[in-house]
Amino acid sequence: MDGVTVIDHPLVQHKLTLMRRKETSTASFRRLLREISTLLCYEVTRDLDLTTMPIETPMEAMDAPILEGKKMVFASILRAGNGLLEGMLDLVPAARVAHIGMYRDHETLQPVEYYFKAPEDLGNRLVIVVDPMLATANSATAAMEKLKERGARNIRFLCLLAAPEGIQRFRDAHPDIPIFTASIDRGLNEKGYIMPGLGDAGDRMYGTK
Ligand code: PRP
Ligand code: URA
């Protein structure tokens, strides 16, 4: 599918299966999400530009590769996005962080925004937006609009599970933003949940209902 990368690394797929299982405890779900997010982070940053800087090893001087450009921004769509955020920050501790507070109204499936905080200069940075679930894509498309309003130009979206309906809607609304996901599931049920999915990601992370 154009603009969509499925991260099919065996470790990702194995951990995802453990996360999907209904018997998996809240503690295990959180730990697995943190572990899987470091692997996803590795893939979503695979093609970042490098430059070199002169350094001295204990043996001699060399021009060594480092990431080019300003520090990245990881933008978490709350609450569940924070599960991915933690592992991403383990790998890229210097990244800047944006928080987008948004929840889905269970009746209308429309996003309700309650918080937004992001670094000022989004236009000069790569912004990687994280949320485990892309279902109807109402939340993710609204989050992208908000980030673009604030100047973001170079954005990637990273999730764990995506529904085909959500991918279509997201790509129609934001064809410039590539999607990275560990799985494209079968589709949505009548309540807008991903099938077979893993249930409500936020509830499974935090033990709420
Ligand atoms: C979940 C998920 C996404 C959204 C996806 O969040 O983390 O943000 O639903 O659904 P959509 O693609 O149909 O918009 P939720 O609204 O349950 O909030 P939470 O993370 O606070 O639990
Ligand atoms: N949000 C979730 O947490 N799970 C779904 O299946 C759909 C939206």
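Read the numbers this way: they start at 1 and go in the same order the structure lists the ligands and their atoms.
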Testing L18, V12, I7 one by one against I36 for a side chain to side chain contact (heavy atoms under 4.5 Å, CB included), which residue passes?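 In the set L18, V12, I7, the residue that makes a side chain to side chain contact (heavy atoms under 4.5 Å, CB included) with I36 is V12.
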
Given L32, L33, L39, the one that forms side chain to side chain contact (heavy atoms under 4.5 Å, CB included) with E35: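 Looking at L32, L33, L39, the match for E35 under the side chain to side chain contact (heavy atoms under 4.5 Å, CB included) is L32.
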
What's the shortest heavy-atom distance between [X] and [Y], and which atoms?
{"X": "A201", "Y": "A80", "value": "CB-CB, 4.0 Å"}
{"X": "D8", "Y": "Q13", "value": "CA-NE2, 3.7 Å"}
{"X": "M102", "Y": "A143", "value": "CE-N, 3.9 Å"}
{"X": "A182", "Y": "L16", "value": "CB-CD2, 4.0 Å"}

For ligand 1, find out whether one of its N or O atoms is nearer than 3.5 Å to an N or O atom of [X].
{"X": "R104", "value": "yes"}
{"X": "G202", "value": "no"}
{"X": "Y103", "value": "no"}

Atom pairs, nitrogen or oxygen, ligand 2 to protein, under 3.5 angstrom:
from	atom 1	to	atom 2	distance (Å)
ligand 2	3 (O)	A201	N	2.8
ligand 2	4 (N)	G199	O	2.8
ligand 2	6 (O)	I194	N	2.8

I'd like to know if [X] and [Y] make a salt bridge, using a cut-off of under 4.0 Å between side-chain N and carboxylate O.
{"X": "E165", "Y": "R169", "result": "no"}
{"X": "E43", "Y": "R46", "result": "yes"}
{"X": "R156", "Y": "D47", "result": "yes"}

Nearest non-hydrogen atom to atom 13 (O) of ligand 1 belongs to which of L84, L134, T136?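 Selected option, by shortest heavy-atom distance: T136.
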
I need the contact type for A201 against ligand 1. Using non-hydrogen atoms and a strict under-4.0 Å cut-off, is it side chain, backbone, both or neither?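 Neither part.
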
Per-residue contact class, L78 against ligand 1 - non-hydrogen pairs under 4.0 Å: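 The answer is the backbone.
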
Drop me the distance from L50's CG to L67's CG, to the nearest 0.5 angstrom.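 Answer rounded to 0.5 Å: 6.0 Å.
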
Can you tell me how far CG of L134 sits from CG of D185, rounded to the nearest 0.5 angstrom?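 Here the interatomic distance stands at 11.0 Å.
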
Shortest protein contact, [atom] (heavy atom only):
{"atom": "atom 14 (O) of ligand 1", "value": "S139 OG, 2.5 Å"}
{"atom": "atom 17 (O) of ligand 1", "value": "D200 OD2, 3.9 Å"}
{"atom": "atom 7 (O) of ligand 1", "value": "D131 OD1, 2.8 Å"}
{"atom": "atom 22 (O) of ligand 1", "value": "R79 NH2, 2.9 Å"}

Does atom 5 (C) of ligand 1 have a protein heavy-atom neighbour under 4.0 Å away?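 There is a protein heavy atom less than 4.0 Å from atom 5 (C) of ligand 1.
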
Is the closest side-chain donor-acceptor distance between S183 and R20 under 3.5 Å?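 The criterion, which ignores hydrogens and geometry beyond distance, is satisfied for R20 and S183.
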
Consider only side-chain N and O atoms of R79 and T208, and report whether a donor and an acceptor are under 3.5 Å apart.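 Result is yes, a qualifying pair exists.
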
Proximal ligand 1 atoms for M133, defined as those under 4.0 Å from one of its heavy atoms: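 Numbered from 1, ligand 1 contributes 2 (C), 3 (C), 5 (C).
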
Contact atoms of ligand 1, heavy-atom distance to A80 under 4.0 Å: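 So the answer, numbered in order with elements, is 7 (O), 20 (O).
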
Hey, is L109 one of the residues with a heavy atom under 4.0 angstrom from ligand 1?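 False for this residue.
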
Within the structure, is a non-hydrogen atom of A140 found at a distance of less than 4.0 Å from ligand 1?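 No; A140 lies far enough from ligand 1 that no heavy-atom distance drops under 4.0 Å.
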
